[in-house]
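Remarks on the structure that follows.
Whatever order the structure lists them in is the order used to number ligands and atoms, beginning at 1.
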Amino acid sequence: MGKRFYEINVAGCKRKLHVINLNDEIAIAGFIILGDIELTEKTAAALAAKAPADTEVIMTAETKGIPLAESMARHMGLPYYVVARKSIKAYMENPLVVEDHSITTAGKQILCLMDDDIERIRGHKVLLVDDVISSGGSISALENLALQAGGQVIGRFAILAEGDAAKRHDITYLEELPLLKAE
Ligand SMILES: Nc1ncnc2[nH]cnc12
């Protein structure tokens, strides 16, 4: 069978996404901003324009959220952003750790923060950002981490809301992405 594609238009960027079967029933259109500067910059600018003016720190999770968070922080004139990591590194003292369940990764995952990042969050207004919100597992793990670090979550932002996530009223996103039938 030939490759399947799903075409998307977001923040003025048209992209043909590869459709990948997740299991026998469900397929996703893989939305990858890593390495795509125009897509990262334009979606970050569009999300930054919607961000609450009182945002003090942007927080994201490894991996695909990183360039988006960096670009949004630049657009918003913020000096730092915080990245929740997926594994504890040797240089992370006293890490804060939560469990994370994601639609694209099998098995248990963790998200963790190191002390410097905990300090950047404690007592501050935090805007959570990710590339895609789908089952909501990752953004909710990120929120747990922000709360445990003493932050106040003032928004949950994503470029795309996938499947049922598009019905959520507690997230802000640019476009919807359907879950597809596996072929
Ligand atoms: N369709 C998708 N593309 C890339 N990352 C995702 N994470 C969840 N859904 C995704």
Side-chain angles (χ1 to χ4, degrees), residues 1-48 50-51 58-73 81-87 98-113 126-146 153 155-183:
M1 196 192 299
K3 284 201 165 192
R4 280 173 83 190
F5 292 97
Y6 179 85
E7 196 166 290
I8 190 166
N9 195 339
V10 59
C13 301
K14 261 193 193 174
R15 294 292 183 275
K16 274 172 86 175
L17 311 182
H18 288 270
V19 175
I20 300 121
N21 290 348
L22 274 190
N23 52 44
D24 289 345
E25 274 139 43
I26 297 174
I28 58 167
F31 180 72
I32 315 295
I33 61 168
L34 288 181
D36 189 331
I37 296 170
E38 183 197 23
L39 186 60
T40 303
E41 289 303 310
K42 289 193 173 162
T43 54
L47 285 174
K50 291 174 184 273
I58 285 179
M59 180 179 182
T60 192
E62 277 190 314
T63 305
K64 296 195 273 60
I66 298 175
L68 176 68
E70 164 133 3
S71 182
M72 282 182 70
Y81 62 99
V82 166
V83 180
R85 308 293 300 265
K86 288 182 180 162
S87 60
V98 299
E99 263 192 27
D100 174 14
H101 302 272
S102 149
I103 185 173
T104 48
T105 314
K108 267 192 196 165
Q109 286 191 99
I110 59 159
L111 282 184
C112 52
L113 281 183
V126 181
L127 181 64
L128 307 178
V129 310
D130 211 346
D131 55 342
V132 183
I133 296 179
S134 189
S135 64
S138 296
I139 201 84
S140 119
L142 201 56
E143 181 153 2
N144 272 341
L145 206 51
V153 172
R156 298 162 201 84
F157 275 39
I159 302 171
L160 303 178
E162 184 174 55
D164 282 349
K167 298 181 192 150
R168 287 177 60 164
H169 297 294
D170 63 332
I171 64 174
T172 300
Y173 58 88
L174 299 178
E175 300 294 339
E176 295 182 19
L177 185 67
L179 281 173
L180 305 166
K181 281 204 172 118
E183 280 179 6

Identity and separation of the nearest protein heavy atom to [atom]:
atom                    : result
atom 4 (C) of ligand 1  : Phe31 O, 3.3 Å
atom 10 (C) of ligand 1 : Glu162 OE1, 3.7 Å
atom 7 (N) of ligand 1  : Thr104 CG2, 3.6 Å

Looking at Glu162 and Ser134, what are the two nearest heavy atoms and their distance? OE1-OG, 2.6 Å

Can you name the closest pair of heavy atoms from Ala44 and Ser71 and give their distance?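 Heavy atoms only, the tightest pair is CB-OG, 3.2 Å.
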
Looking only at distances, please establish whether an N/O atom of ligand 1 is found under 3.5 Å from an N/O atom of [X].
X      : value
Ser134 : no
Leu177 : no
Lys64  : yes
Ile32  : no

Any side-chain heavy-atom pair of Lys14 and Ile8 under 4.5 Å: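 In short, these two side chains do not touch, never coming nearer than 4.5 Å.
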
Using a 4.5 Å cut-off on heavy atoms from C-beta on, say whether the side chain of Leu113 contacts that of Arg85.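 Side-chain contact under 4.5 Å: no.
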
Charged N to carboxylate O below 4.0 Å: is that the case for Arg15 and Glu38?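 Salt bridge present between Arg15 and Glu38.
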
Using a 4.0 Å cut-off to any heavy atom of Gly30, which atoms of ligand 1 qualify? 3 (N)

Atom indices of ligand 1 within 4.0 angstrom of Ala29 heavy atoms, with elements: 1 (N), 2 (C), 3 (N)

Could you tell me the separation between the OG atom of Ser138 and the NE2 atom of His101, rounded to the nearest 0.5 Å?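 Interatomic distance, Ser138 OG to His101 NE2, rounded to 0.5 Å: 10.0 Å.
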
With a 3.5 Å distance limit and no angle check, can you tell me whether Thr60 reaches the backbone of Val129 through a side-chain donor-acceptor pair?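 Such a contact is found between Thr60 side chain and Val129 backbone.
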
